[in-house]
Each structure stands twice: as C-alpha cells, then as structure tokens.
2 protein chains.
Amino acid sequence: MDSNQLVTILKALADPTRLKIVGLLSHRNCCICELVPIFGISQPAVSKHMSRLKSAGLVVETRRGQWVFYALNHERLEQVRFALGNLPDYSAEFERLAEQGLLVTCE
Amino acid sequence: MDSNQLVTILKALADPTRLKIVGLLSHRNCCICELVPIFGISQPAVSKHMSRLKSAGLVVETRRGQWVFYALNHERLEQVRFALGNLPDYSAEFERLAEQGLLVTCE
DNA sequence: TAGTACTATAACTATATGGTTATTTAAATA
DNA sequence: TATTTAAATAACCATATAGTTATAGTACTA
C-alpha cells in the first residue's frame, strides 16, 4: 500500500460518522436503511459515507434483494494498522538535506 | 482514548504532508526550517501542520536555541493502532434497532 | 543595542467535505 | 403493470482545510 492509498483510507476513517459505521460493521453487516435511524441523518448522507468507505476499500457491498448490505473489509483495516507501524523510510530526504547543508545540528 | 480523540488524531494523519512528516520524525527529530525545503511549501504552512500534529498529541516540541525541534510521540501512534484494532462495542445500537423493529433480516 | 534567523499568528483564498432536498434507478409486490 | 421500498445521484449550501503573503514574537549574534 502506497502513501496516497493510506491517506485516502485515513481520510475515510477520520470522520465520526464513518468511524462509527466501521465499528458497527465490525459487529454486524448493515444496510443503509439500518444506519439512517442510528445516525439520524438523511439516507443520501449515509449513502455517500458508504461510497467513501467503499472507494477506500474499507467495506464491500452485496446486493440482497432490494437491500444492499455492507460488510467491513477487516483485512484493509489490518493493512492500515500495519502501515502505521511500518512507516516508509525517508532517510534519503535527510541525506539530500545534508548535501545541501540544510540539516540543523546543534550541540 | 475516546472516539472523538481518535477522529482528531486520524484527521491529523489524513493528509499527505503530515503523514510524511510523521514518517520523517520516526527517523529523526526535525525543526520547521528543515521541513520547509523538503516539502517546498511556505514556513507558515509547515508551522500550521506541526500545530495540528501537536494538538492531536502526535508530536512534542522542544525549543533548542532559536529552533523548535519536533519529536514523534510513538506511544500516541501505538494508541491509534490499538484503537483501530479494538473498535468500540456498538451492539447496544443493534438492540435498540431490534426493539424498534428496524433490523433487516433476510433469509 | 541593532540586526538576523527561526517560528507563530493573522488575514485571506480556493477547494474539499458533510450535510440538505429533489430526483432517478433498481427490485420486490399488489 | 402500477406501486412501493431501498439506494444512488444531482444540485446546492455552510463550514473546514491547506495553501498563500504579511506581520509579530523570540532568541541568538555582531
């Protein structure tokens, strides 16, 4: 997973409604019409949140008759946890700074 | 850590510049004037990013002469990883839905 | 003490975001 | 087939965000 993907996923998680949706889905799959009364926001608002989570790869959808059920992609969440524990190595940036004499070294 | 705090931290991480700053700080403490040439954005822009990371508890600052050095708060990042792996239990929400007859059960 | 270097704050701008209502699409049912 | 229900899309609005330039504050240094 590259940094841009990670940012996309973090943005998807960085909203109180969507974070709670992820928590709800970790307990049970849900459809939009169940989430609407939980959050007290409009159906299109929930729909857009799901679309955001889906494009971040955090949920997958399954049509079930007239309902669309959303399930948490646990693996994706694990990938985020792993990425946050294994940030990219940016030592080349410091080498470049050093070459330009821009590294600050006190004491 | 409550959900609001987690959202605040995730928002702080959910930006390409700040995420890279966190990655840089995981390698070496930095001051603003080192980050400016790395990102090619203005000094106030970097300053505001650091302020955002600081208020999320992700970095701590130490004044060192005329410089202010920022260090990553590794513990805070670990707290985020833990929280994402241990989301709150929202089963009460489903019980409430069931009471209202709003749980969708197919098959 | 005057000047210089680093950082923070203020004021502003353009874009992203999270909500709304209205409408359309899709599927089940009378 | 007409109606109803669920979900998605469109158009819009208010606020948040990430950048800018200008200025103020803070700490070394000549």
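All chains are named by letter (A, B, ...) in the order of the sequence lines, taking the proteins before the strands, and each is independently numbered beginning at 1. We use all heavy atoms of the structure for the numbers below, so side chains are in, but hydrogens, waters and symmetry mates are not.
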How long is the line joining [atom1] of [X] and [atom2] of [N], in whole Å?
X        : N      : atom1 : atom2 : result
B:Leu13  : D:dT17 : CG    : P     : 14 Å
B:Leu102 : D:dA6  : CG    : C1'   : 14 Å
B:Leu10  : D:dA16 : CG    : C1'   : 17 Å
B:Lys11  : D:dA18 : NZ    : C1'   : 14 Å
A:Ile32  : C:dG19 : CD1   : C1'   : 15 Å
B:Leu19  : D:dA18 : CG    : C1'   : 16 Å
B:Arg52  : D:dA16 : CZ    : P     : 11 Å

Please check if the side chain of B:Glu34 supplies one atom and the backbone of A:Val104 the other of a donor-acceptor pair under 3.5 Å.
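Indeed, once roles are kept as given, a pair shorter than 3.5 Å links the two residues.
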Looking across every strand, which nucleic acid part, if any, lies under 4.0 Å from A:Phe39 by heavy atom: base, sugar-phosphate, or nothing?
nothing
Indicate, with a heavy-atom threshold strictly under 4.0 Å, whether B:Glu34 touches base, sugar-phosphate, or nothing.
nothing
Counting only side-chain nitrogens and oxygens, does B:Tyr70 get under 4.0 Å of the OP1 or OP2 atom of C:dC6?
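Negative; the distance criterion is not met.
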Would you mind building the protein contact string for nucleotides 19-30 of chain D? One character per nucleotide, 5' to 3', B for base within reach (heavy atoms under 4.0 Å), S for sugar-phosphate only, - for untouched.
BBBB----SS--
ring-ring contact (aromatic ring centres under 6.0 Å, His included) with B:Tyr90: which residues, sequence neighbours excluded?
none
Which atom names give the shortest non-hydrogen contact between B:Leu87 and B:Leu84, and what distance separates them?
CG-O, 3.8 Å
Please determine which of A:Lys54, A:Arg18, A:Lys20 meets the side chain to side chain donor-acceptor pair (under 3.5 Å) test together with A:His49.
A:Arg18
Do A:Glu99 and A:Arg96 sit within salt-bridge range, that is, some charged N less than 4.0 Å from a carboxylate O?
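Salt bridge absent between A:Glu99 and A:Arg96.
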side-chain hydrogen bond (donor to acceptor under 3.5 Å, both in side chains) partners of B:Gln66, counting only residues at least two apart
none
